[in-house]
Amino acid sequence: MSMENLASIYDPERVEGKWYDYWKQKNYFEPSGDYSQPHYSIVMPPPNVTGQLHLGHALDNTLQDILIRWRRMQGYNTLWVPGTDHAGIATQARVEESLAAEGLSRYDLGREKFVERVWEWKRLYGDRITTQLSLLGSSCDWSRERFTMDEGCSHAVREVFVNLYEKGLIYRGDYIINWCPKCHTAISDIEVEHADSDGHLWHIRYPVENSDEFVVVATTRPETMLGDTGVAVHPDDERYAHLIGRNVVLPLVGRIIPIFADHYVDREFGTGAVKVTPSHDPNDFEMGLRHDLERVTVMKPDASMNENAGVYAGLDRYECRRQVVRDLEKDGYLLRIEEHQHALGHCQRCDTIVEPMVSLQWFVKMKPLAEPAIQKVLEGEIRFVPERFTRIYINWMENIRDWCISRQLWWGHRIPVWYCQDCGEIICSREDPVACPSCSSSQLKQDEDVLDTWFSSALWPFSTLGWPNDTADMQHYYPTSVLVTGRDIIFFWVARMIFSGIEQTGKVPFHEVNIHGLILDAQGRKMSKSLGNGVDPLDVIEKYGADTLRFSMITGVTPGNDVRFQWDKVENTRNFANKIWNAARFVLMNLEDYSPIEIPDNELTLADRWIYGRLNQKIAEITNLLDNYELGEAARRMYDFIWDEFCDWYIELAKPRLFHPDNRRDRAVVQNVLRDVLMQTMKLLHPFMPFITEEIYQYLPGHGETIMLEAWPRYEPNRVETDRIEQMQLIMAAIRSLRNIRAEFNISHGIAIKAIISAPDFKIRELFRQYGSYIKDLARVSELETVEGMEETPQQAVSALLAFAEIYVPLEGIIDVDKEVSRLEKDLKNIDADIAKTDAKLNNDSFLAKAPADVIAKERGRAEEARLRREGLLQRLQIFKSR
RNA sequence: GGGUCGUUAACUCAGAGGUAGAGUGCUUCCUUGACGCGGAAGAAGCCACAAGUUCGAAUCUUGUACGACCCACCA
């Protein structure tokens with residue numbers, strides 16, 4: 001293949017789409033179906049159907065894709081199931097917005113037409129996010145793509161609902177729930193976000209019936225007093241003991257309500273007397289149950305006041321508050337107003353302040369479900385990575401409350417319950433009923449509500465595999481291997497999948513949960529629409545390519561921790577991709593007469609053995625890091641290996657052997673090593689940067705159909721020759737020292753220098769003699785001499801001191817005495833500090849007694865070496881100073 | 001009120017019981033036959049503070065301070 005058509009700047013656009021299409025068309029994303037191999041399966045956290053890919057998805061799916069690609073190369077029978085979520089409230093809200101633009105509301109259309117409209121919307125935008133996932137390079141099995149409202153998933157939802165209902169784990173009733181006045185629906189506890197805000201504490205006097213006395217209550221929400229049906233005090237509170245059992249007359253309303261005692265009341269807070277509004281406060285609701293209080297609901301679903309609010313009916317809740325306060329003040333009931341900070345609940349979706357209200361809703365009884373879900377995790381059947389998330393999960397599960405699952409929406413899974421209009425029978429069944437089983441009436445009306453979106457998400461790991469049918473996929477891929485997701489949905493999703501999986505299938509849905517952090521903006525803030533600080537991953541892909549986006553998001557990232565998105569880092573990664581590209585170009589350009597050969601070890605040079613050793617160390621390290629989900633560290637090591645070791649050292653050392661080979665054979669050897677190392681490196685890098693690695697792979701001689709299905713590089717311990725690696729490192733140190741001298745004395749690289757290496761150890765001298773060419777080539781040395789010791793230290797020379805050798809560079813006429821003296825003095829200072837440290841240790845008896853032998857030996861060696869260097873330095877200094 | 005995470009070079013972050021690393025930025029040099037989206041050399045850190053464990057702590061323990069986030073029904 002000719003190299004002229006490879007541009008010197010890597011262009012991801014010309015590469016990525018091409019290979020993705022190729023992979024997909026060849027069905028490489030599908031499982032191998034080789035059941036003799038262990039399976040490795042992941043279900044993708046389903047993004048919202050009508051949503052757009054954001055950086056959070058990009059990170060999440062990159063992590064999954066890395067794991068799947070890596071396991072696939074390892075030979076596992078891998079399955080990654082993609083899909084989308086119907087996202088009840090979110091999707092419905094968007095369609096309502098679009099209707100609003102036409103001046104319509106969903107009520108204008110009616111339920112059926114509206115739902116049809118949402119389906120249309122889904123058909124229109126449903127592909128967008130999956131296309132975007134493809135652009136990222138996600139190797140998920142599109143032939144198994146699912147949607148939470150498709151037939152199969154809906155079937156699973158129905159089955160689970162009926163199961164739970166039949167077991168008595170789903171019930172319907174009037175309870176206090178969180179109501180969003182804007183979304184017009186109940187929401188669950190975790191969909192409420194609490195935010196501190198500055199408010200007031202109004203102290204209101206409630207006149208005691210048939211008395212001149214008042215009870216003063218304090219409230220943050222005075223408008224709710226219209227629904228008060230009692231006043232609570234602490235049973236042991238002497239201030240109020242005489243009033244227990246009496247009544248107060250509710251101001252503005254005139255209702256006679258009881259004063260009662262309840263341990264819930266905190267004597268220290270406020271006045272020690274609490275107005276009780278069972279219909280609009282969760283604690284009051286509980287007290288209402290304990291004391292059999294009347295419930296008076298005073299608000300409508302839009303949070304305006306209803307007819308129970310008397311003259312305030314029709315007012316918005318906050319207008320009503322102002323009015324009530326004004327009236328209380330006017331009538332002398334308002335005692336005082338305090339500044340007060342408290343937490344207000346907001347709707348996660350629309351940020352509206354949530355109103356606690358009593359309402360008829362469906363609930364899942366959580367305690368029985370939570371218990372085994374806690375057990376399985378404690379028993380280690382499910383492992384959280386990082387481990388610290390285990391406790392977060394357990395704590396939440398232990399304190400879980402019943403889950404309100406009904407939503408007053410139209411878009412979602414409709415609750416499979418019918419009410420007989422004639423006899424009132426409630427029918428919950430797997431099949432749509434045609435007649436009432438009790439009275440045979442056909443007058444059946446289905447429940448109007450739909451289920452919380454998370455109800456169907458909770459079934460995702462098995463509903464996508466065909467459950468409740470006993471499908472082949474269920475048999476082969478369930479339980480799944482790992483769930484990868486953001487730490488923000490541990491409660492919403494992870495926890496619910498765990499208890500649902502255990503309850504419905506009898507098995508945990510996955511064995512490991514890999515939790516990652518959030519993507520923040522460059523200032524460390526959450527990305528949000530309102531801040532306008534979001535970065536569109538598609539922009540990044542368009543400008544820099546998917547490989548760059550993937551790699552830049554994960555490098556140097558600690559598991560579970562948040563990541564800041566920075567364009568600097570993206571550019572750096574782009575440069576890295578370019579570096580890889582050009583390294584590959586270099587290799588390919590020099591492979592025109594390549595032929596694969598078997599190379600006996602003795603034909604490998606020191607550099608060859610070094611790079612093979614380093615490569616194999618990387619294979620072991622990276623495999624191990626991936627095993628532990630430390631993908632960021634794995635990526636970092638790839639980067640260092642490729643850039644520093646392969647490019648800056650190995651390729652540089654290979655050049656002379658390619659351009660001016662001593663013999664044809666050595667040229668063939670270096671060609672083989674270059675190809676081989678590049679090939680293996682591309683395989684190691686492939687899970688991280690799938691596109692560029694496939695592109696390069698396809699140019700490399702001896703490539704197969706696709707890098708995707710190549711075997712993951714095997715660690716060969718015999719390739720790691722530590723003594724060779726150390727030798728190479730000594731030579732590298734010598735080269736660096738010589739380059740340093742060059743730089744310090746401004747010797748242009750055009751001028752060749754002479755170097756003398758003095759080493760008392762014969763082996764070291766031999767090493768430098770044998771590999772003198774490395775030094776000559778990389779440090780531009782024309783003449784290299786090795787001596788046992790300098791009879792006389794040359795005066796017209798600068799020196800560099802290595803561990804086992806001294807290097808002299810004669811620089812007659814060029815030498816700057818002052819500069820050399822200050823160089824030497826700086827070195828001396830460092831060495832003295834070094835000696836002080838090592839001596840302190842070696843003079844410490846407990847160190848000698850307790851430290852491991854190898855550490856002591858290392859310390860001794862260091863001390864000895866430092867002393868030798870110090871002597872040499874002093875000698876040199878002497879010479880210069882005496883001149 | 002509980003809990004988690006963070007505090008390391010100017011910036012953004014890795015790392016880790018045995019003398020501190022990267023990228024960017026900065027300084028100097030280099031159009032050397034892969035790459036200037038490049039190469040070479042360099043400056044730059046008491047690893048937040050305090051006590052403890054240890055032969056040895058930036059790393060482990062416990063506190064403190066500051067920051068971020070999560071959970072929580074004090075009206």
Side-chain angles (χ1 to χ4, degrees), chain A residues 3 6 8-10 176 190 194 201 217-221 224 232 264-266 268-277 281-286 340 342-343 356 386 388-389 391-392 395-396 399 487-488 490-491 517-518 520 522 524-526 544 555-558 560-564 566 568-569 571-590 632-633 636 639-640 644 647-648 651-652 655 658-659 736 739-744 746-750 778-780 833-834 837-838 840-841 844-852 854-856 858-859 862:
Chain A
M3 292 309 306
L6 291 189
S8 69
I9 295 218
Y10 174 64
I176 192 117
I190 51 175
H194 295 272
L201 201 52
V217 299
T219 181
T220 53
R221 295 187 297 152
T224 62
Y264 162 75
V265 178
D266 177 356
E268 309 300 318
F269 188 86
T271 61
V274 186
K275 61 185 271 312
V276 181
T277 323
D281 182 280
N283 300 307
D284 295 4
F285 179 81
E286 294 296 325
H340 182 69
H342 63 134
R388 69 183 129 99
F389 290 105
R391 253 183 66 199
I392 295 177
N395 282 347
W396 188 76
N399 297 307
R487 56 144 222 264
D488 50 332
I490 294 176
F491 305 144
L518 276 30
L520 309 175
R525 300 170 303 180
K526 268 190 198 173
Y544 297 96
T555 29
V557 170
T558 322
N561 286 7
D562 293 346
V563 202
R564 288 194 202 193
Q566 303 208 106
D568 271 9
K569 199 167 164 190
E571 277 185 30
N572 177 243
T573 311
R574 185 265 323 261
N575 296 352
F576 176 53
N578 199 238
K579 187 73 181 178
I580 297 166
W581 179 245
N582 279 289
R585 273 181 73 222
F586 172 83
V587 172
L588 292 167
M589 280 196 262
N590 289 287
E633 183 61 12
R636 223 203 80 228
Y639 180 99
D640 289 347
D644 297 344
C647 292
D648 289 347
I651 286 186
E652 290 310 317
K655 281 178 181 174
L658 291 164
F659 300 156
R736 281 199 202 92
R739 284 169 170 173
N740 174 285
I741 288 172
R742 235 177 220 293
E744 297 237 350
N746 283 325
I747 304 162
S748 100
H749 87 280
L778 296 199
R780 312 248 162 196
D834 224 32
K837 265 186 206 170
T838 46
K841 282 192 180 178
N844 182 339
D845 288 340
S846 20
F847 174 73
L848 296 175
K850 296 188 179 172
D854 60 318
V855 172
I856 296 174
K858 205 172 136 196
E859 215 61 35
R862 189 179 276 156

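Throughout, a chain's letter reflects where its sequence line sits, starting with A, and its residues are numbered from 1.
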If you look at every strand shown and take non-hydrogen atoms under 4.0 Å, does A:A849 touch a base, only sugar-phosphate, or nothing? nothing
Result for 5'-nearest mapping on RNA chain B, choosing between A:F389 and A:S748, is A:F389
Does B:C29 have OP1 or OP2 sitting under 4.0 Å from an N or O in the side chain of A:R742? no
B:A34 C1' sits how many Å from A:N590 CG, rounded? 9 Å
To the nearest angstrom, how far is A:E633 atom CD from B:A14 atom C1'? 6 Å
Side chain of A:R391, base of B:U4: donor and acceptor closer than 3.5 Å? no
Please tell me which of the listed nucleotides, B:U19, B:C55, B:A34, lies nearest to the side chain of A:P852? B:C55
Please state how far atom CG in A:N399 lies from atom P in B:G2, giving the value in whole angstrom units. 16 Å
Residue list, side-chain hydrogen bond (donor to acceptor under 3.5 Å, both in side chains) with A:N740, at least two apart or on another chain: A:R823
For A:K858 and B:G18, what is the distance between atoms NZ and P respectively, to the nearest whole Å? 8 Å
Would you kindly give the CD1-to-P distance between A:I651 and B:G33, to the nearest whole Å? 15 Å
Who are the side-chain contact (heavy atoms from CB on, under 4.5 Å) partners of A:A218, not counting sequence neighbours? A:L201, A:H203
When you compare the protein's N or O atoms with those of nucleotides 6-11 of chain B, which come within less than 3.5 Å of each other, and at what distance?
none

Any donor and acceptor pair, going by atom type alone, linking the side chain of A:R742 with main-chain N or O of A:S748 inside 3.5 Å? yes
Tell me every residue that passes ring-ring contact (aromatic ring centres under 6.0 Å, His included) with A:F389, counting only those two or more places apart in sequence or in another chain. none
Is A:F659 stacked against the base of B:G33, taking the criterion as centroid distance under 5.5 angstrom and interplanar angle under 30°? yes
Residues that A:N395 engages under side-chain contact (heavy atoms from CB on, under 4.5 Å), provided they are two or more places apart: A:E398
Please tell me if the side chains of A:P282 and A:I176 come closer than 4.5 Å, counting only heavy atoms from C-beta onward. yes
In whole Å, what is the span from the CZ atom of A:F847 to the C1' atom of B:C55? 7 Å
Under the ring-ring contact (aromatic ring centres under 6.0 Å, His included) rule, collect the residues that match up with A:H340, sequence neighbours excluded. A:F269, A:H342
Residue pair A:L588, A:L6: steps toward the side chain to side chain contact (heavy atoms under 4.5 Å, CB included) verdict: CA-CA 10 Å; A:L588 292 167; A:L6 291 189; 4.1 Å; yes
Partners meeting side-chain hydrogen bond (donor to acceptor under 3.5 Å, both in side chains) with A:R388 (sequence neighbours left out): A:N561
Dot-bracket notation for RNA chain B is requested: 5' to 3', Watson-Crick or G-U wobble pairs only, both distances under 3.5 Å, with ( ), [ ], | and . as defined. (((((((..((((....[..)))).(((((.......))))).....(((((..]....))))))))))))....
Any base atoms under 4.0 Å from A:P356, or only sugar-phosphate, or nothing? Heavy atoms, all strands. nothing
Under 3.5 Å, is there a donor-acceptor pair between the side chain of A:K569 and the main chain of A:T555? yes
When rounded to whole Å, the CZ to C1' distance for the pair A:R636 and B:G21 reads 7 Å
Selected nucleotide, minimal atom distance to A:N746 side chain, candidates B:U28, B:G18, B:C55: B:U28
Report the distance from atom CZ of A:F586 to atom P of B:U32, rounded to the nearest whole Å. 15 Å
Would you mind building the protein contact string for nucleotides 70-75 of chain B? One character per nucleotide, 5' to 3', B for base within reach (heavy atoms under 4.0 Å), S for sugar-phosphate only, - for untouched. SS-BBB
Going through the checks in order, is the salt bridge (charged side-chain N to carboxylate O under 4.0 Å, His left out) test met by A:R487 and A:D562? CA-CA 10 Å; A:R487 56 144 222 264; A:D562 293 346; 2.7 Å; yes
Would you say A:K569 places a side-chain N or O within less than 4.0 Å of OP1 or OP2 belonging to B:A22? no
Test item: A:N582 side-chain N/O and A:N578 main-chain N/O as donor-acceptor pair under 3.5 Å: yes
Taking only residues two or more places apart in sequence, or in another chain, which ones meet A:R862 in a side-chain contact (heavy atoms from CB on, under 4.5 Å)? A:D834, A:T838, A:K858, A:E859
Determine the minimum heavy-atom distance between A:I856 and A:L848, stating which atoms define it. CD1-O, 3.4 Å
Per-nucleotide protein contact along nucleotides 36-47 of chain B, 5' to 3', at a 4.0 Å heavy-atom cut-off (B base, S sugar-phosphate only, - neither), is -BSSSSSS----
Kindly write out the residues that satisfy side-chain contact (heavy atoms from CB on, under 4.5 Å) with A:V587, not counting sequence neighbours, or none if the list is empty. A:L591, A:F646, A:L674, A:L678
